[in-house]
Amino acid sequence: MSDLAPYAASEAQSRGRRIAEPTPKYRGEYQRDRDRIIHSTAFRRLIYKTQVFVNHEGDLYRTRLTHSLEVSQVGRSVATALALNEPLTEAICLAHDLGHTPFGHAGQDELNDCMREFGGFEHNLQSLRVVDELEAKYADFPGLNLMFETREGILKHCSKANARQLGDVGRRFLDREQPGLEAQIANIADAIAYNNHDVDDGLRAGLLTLEQLQAQPLFAAGYDDVQRLHPGLDDRRLIYETIRRMIGRVVTDLIENTRANIETLEPGSIDDVRKAGKTLVAFSDEIYEQHVSLKRFLQQHLYSHEKKLEMTRRAQSIVRELFDLYSADVSLLPEEFAGRAKDKDEAGRARVVADYVAGMTDRYAIAEHERLLC
Ligand code: MG
């Protein structure tokens, strides 16, 4: 790791773990974080959690697990190109959705609504809760006891009220500071991954068409190149060749524009990055516009597609009904959760129920819902 840039996150400058542990012998501290995330229960559950399409809708769609792996692939490429901390970037990317509810954003929004009077529910904050408190594997501490920089990266956004309760890791939202560059990369890698894989999944599902997508500059640029170089290519390969060009274009732009931002600001350390007043990991204006345009297009034509909305309504009622059932009778919860809820006030009980429902996979939520209501 000796070739890290001076403004990269490093073990030497780290704010460390909440509970001190002996240094690992054959791997770095951030590699240990990544390994703990991979071995966590929440990580394994991501395979049965919806990204856009519910797991049982088809075997080829992204799940939250494969999404997280694609985020990590993009993030690592960018981190390596900029001489930043690759294991840390990987750890943040793999962990970024650990707190996601079943049924994607429909589940998250409904659970947030259920928790409205009790502080709300935000999947980002929940990811931090998973690694700080909910994973119960280690004898010496709750959660995974990750490094500060990994936790900082997982907490992408946060309200001031929540930030005040979070201590060290919430501080930057009150001080208006930025996170380290590895966290900034993970944030954009998430958007790059879903923008691209949702085009692929949307086309595969027949909810988007090539004609519609050709009005998107990012898609059209790649599509025209492929048509020119490989006339008559079948649709499947044409789509893949187009998407790989789209990813290549935005990733290259991100690396080069970020490099230019770094050259302008000349940060000497991660603390200079934190105090920079703006994020340094950013697209050029032109690509940013195209990226946002594609994002809006997906919002309008894929995430709000009538077929998707059917699933959304069904998911919302499952989450709502499970939440209400467990809240009315916490003895329906598994022993460990029922025990945690026992001596709590209403808000405390609601949080335990939210933790339990948020941890469910899609299919488990469906099965539990059937078992309890039928
Ligand atoms: Mg994500």
Side-chain angles (χ1 to χ4, degrees), residues 33-34 37-38 40-55 57 61-79 88-112 121-131 134 144 146 150-158 179 182-202 243 246-247 250-251 254 279 281-283 291-292 294-299 302-304 308 311-312 315 358-362:
D33 279 8
R34 175 203 57 204
I37 290 158
I38 289 175
S40 71
T41 312
F43 185 71
R44 286 198 300 283
R45 284 187 183 147
L46 295 177
I47 195 166
Y48 293 115
K49 289 193 176 198
T50 292
Q51 179 63 28
V52 171
F53 295 90
V54 178
N55 186 263
E57 289 182 298
Y61 299 119
R62 269 66 177 189
T63 66
R64 219 157 262 285
L65 181 66
T66 60
H67 161 69
S68 299
L69 295 173
E70 290 186 33
V71 174
S72 162
Q73 181 277 312
V74 170
R76 289 167 59 205
S77 294
V78 178
L88 169 61
T89 310
E90 185 180 14
I92 298 169
C93 291
L94 292 177
H96 85 284
D97 270 348
L98 286 181
H100 226 295
T101 60
F103 311 119
H105 283 275
Q108 126 91 32
D109 293 348
E110 192 62 27
L111 197 53
N112 186 29
F121 178 90
E122 213 277 300
H123 72 88
N124 222 244
L125 199 57
Q126 190 70 6
S127 296
L128 186 69
R129 228 172 122 64
V130 167
V131 301
L134 298 179
L144 306 180
L146 301 180
T150 312
R151 298 171 57 235
E152 171 188 53
I154 292 171
L155 192 65
K156 216 161 39 176
H157 24 243
C158 179
E182 291 80 0
Q184 295 182 27
I185 289 174
N187 189 8
I188 298 190
D190 184 20
I192 293 175
Y194 67 65
N195 248 9
N196 284 285
H197 64 51
D198 289 351
V199 166
D200 187 33
D201 282 353
I243 292 175
M246 285 165 64
I247 299 175
V250 295
V251 167
L254 184 66
T279 53
V281 179
F283 294 123
H291 168 83
V292 170
L294 182 59
K295 202 168 157 164
R296 283 204 199 104
F297 168 85
L298 290 168
Q299 183 62 45
L302 182 61
Y303 313 143
S304 315
K308 277 283 306 153
M311 187 283 270
T312 299
M360 291 180 177
T361 61
D362 296 356

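Whatever order the structure lists ligands and atoms in, that order sets their numbers, starting from 1. Residue numbers start at 1 and run along the sequence shown.
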Of all heavy-atom pairs between Ser72 and Cys93, which one has the smallest distance, and what is that distance? CA-CB, 3.5 Å
Mark yes when over 12 heavy atoms from residues, nucleotides or ligands other than Arg44 sit less than 6.0 Å from its CZ; otherwise mark no. yes
Indicate, with yes or no, if the rings of His291 and Phe283 have centres closer together than 6.0 Å. yes
At the Mg ion (ligand 1), what angle lies between atom OD1 of Asp190 and atom NE2 of His96, rounded to 10 degrees? 90°
Of all the N, O or S atoms in His67, which has the shortest distance to the Mg ion (ligand 1)? NE2
Does the ring center of His96 lie less than 6.0 Å from the ring center of His67? yes
Which atom name does Asp97 have for its N/O/S atom nearest to the Mg ion (ligand 1)? OD2
